Amino acid sequence: MNPPTRREIRRIDKRLGRLYGEPHRARRDPVAQLVGTMLSQATTDTQTDRSFRELRRRFPTWEQVRDAPVRQIADAIRSSGLSLQKAPRIKAALQQITAARGRIDLRFLKSLPPDEARAWLMDIG
């Protein structure tokens, strides 16, 4: 079986939108999207959003998250579950981005071919 064409995907997306309504897709900066994805493991969107908001409330910048003790990060993201596993991974990812790029910024990924961007992200933590 061949994969669906772009035309077929658009048609299906349009039908799903009529049936279920248009999804709300919040635009986040790439680092926020990465951290949100890490928080979303084995939890609901509601819990993920709650944890993300609390993390940003306690640590307004990604540098503050990167430099915070793991325990404080875990406390902030507790509502997403598995906080003791997620906190060190988030911290390590932010440290790795800083080491590779000199700052916490992933906007450069937009200029890479999708396969290269994906590979770069897959190498994190």
Side-chain angles (χ1 to χ4, degrees):
M1 176 176 232
N2 292 329
T5 65
R6 287 181 186 260
R7 185 180 200 160
E8 291 169 322
I9 291 170
R10 281 192 299 271
R11 192 181 84 246
I12 292 167
D13 185 57
K14 196 177 265 187
R15 288 178 72 188
L16 288 170
R18 284 193 304 265
L19 183 61
Y20 296 106
E22 292 300 318
H24 173 69
R25 293 184 179 113
R27 290 279 183 186
R28 292 182 173 166
D29 72 84
V31 175
Q33 191 64 46
L34 174 65
V35 172
T37 300
M38 295 171 85
L39 287 171
S40 72
Q41 178 190 359
T43 193
T44 67
D45 289 346
T46 300
Q47 292 167 315
T48 298
D49 292 343
R50 186 179 308 131
S51 290
F52 186 87
R53 282 192 308 271
E54 182 61 17
L55 181 67
R56 294 315 305 261
R57 185 187 73 73
R58 292 189 192 188
F59 307 103
T61 69
W62 294 121
E63 290 77 14
Q64 288 172 324
V65 177
R66 177 198 62 206
D67 299 339
V70 170
R71 189 67 181 163
Q72 289 180 14
I73 299 168
D75 288 345
I77 65 171
R78 184 169 316 285
S79 65
S80 71
L82 301 174
S83 63
L84 296 178
Q85 289 81 21
K86 294 176 185 179
R89 290 179 183 150
I90 290 168
K91 182 177 176 80
L94 296 175
Q95 289 172 327
Q96 188 173 345
I97 293 166
T98 302
R101 304 294 302 172
R103 63 184 180 190
I104 302 175
D105 187 351
L106 293 176
R107 289 176 293 189
F108 78 95
L109 292 172
K110 190 173 185 176
S111 67
L112 297 179
D115 288 345
E116 285 181 40
R118 183 178 186 276
W120 200 95
L121 289 168
M122 295 300 290
D123 284 341
I124 293 177

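Keep in mind the model is a prediction, meaning the values are calculated, not measured.
A distance of 6.0 Å separates NZ of K86 from CD of Q41, quoted to the nearest 0.5 Å. Atom-to-atom distance recorded for E63:CD and R103:CZ is 10.0 Å, nearest 0.5 angstrom. Rounded to the nearest 0.5 angstrom, Q64 CD and T61 OG1 are separated by 3.5 Å. Rounding to the nearest 0.5 Å gives a distance of 13.0 Å between CD1 of I73 and OG of S51. Here CZ of R89 is found 14.0 Å from CD1 of I124. Values are rounded to the nearest 0.5 Å. Atom CH2 in W120 sits 7.0 Å away from atom CZ in R101 (nearest 0.5 Å).
Between R10 and D13 there is no salt bridge, since no side-chain nitrogen of the basic residue lies less than 4.0 Å from a carboxylate oxygen of the acidic one. Ion pairing between E54 and R50 fails under the 4.0 Å rule for side-chain N and carboxylate O.
Taking hydrophobic clusters as Ile, Leu, Val, Met, Phe, Trp and Tyr residues chained together by side-chain heavy-atom distances below 4.5 Å, F108 shares a cluster with I97. V31 and F52 fall within the same hydrophobic cluster, defined by Ile, Leu, Val, Met, Phe, Trp and Tyr side-chain heavy atoms under 4.5 Å apart, directly or through other members. Linking Ile, Leu, Val, Met, Phe, Trp and Tyr residues whenever their side-chain heavy atoms come within less than 4.5 Å leaves L84 and L94 in two separate clusters. When the side chains of ILVMFWY residues are joined at heavy-atom separations under 4.5 Å, either directly or via intervening members, L109 and W62 end up in a single hydrophobic cluster. Cluster membership for L55 and L106, using ILVMFWY side-chain heavy atoms within less than 4.5 angstrom, is shared.
Between Q47 and the choices D49, D45, T44, the side-chain hydrogen bond (donor to acceptor under 3.5 Å, both in side chains) rule is met once, by T44.
In this structure the side chain of V65 never reaches within 4.5 angstrom of the side chain of I104, judged on heavy atoms.
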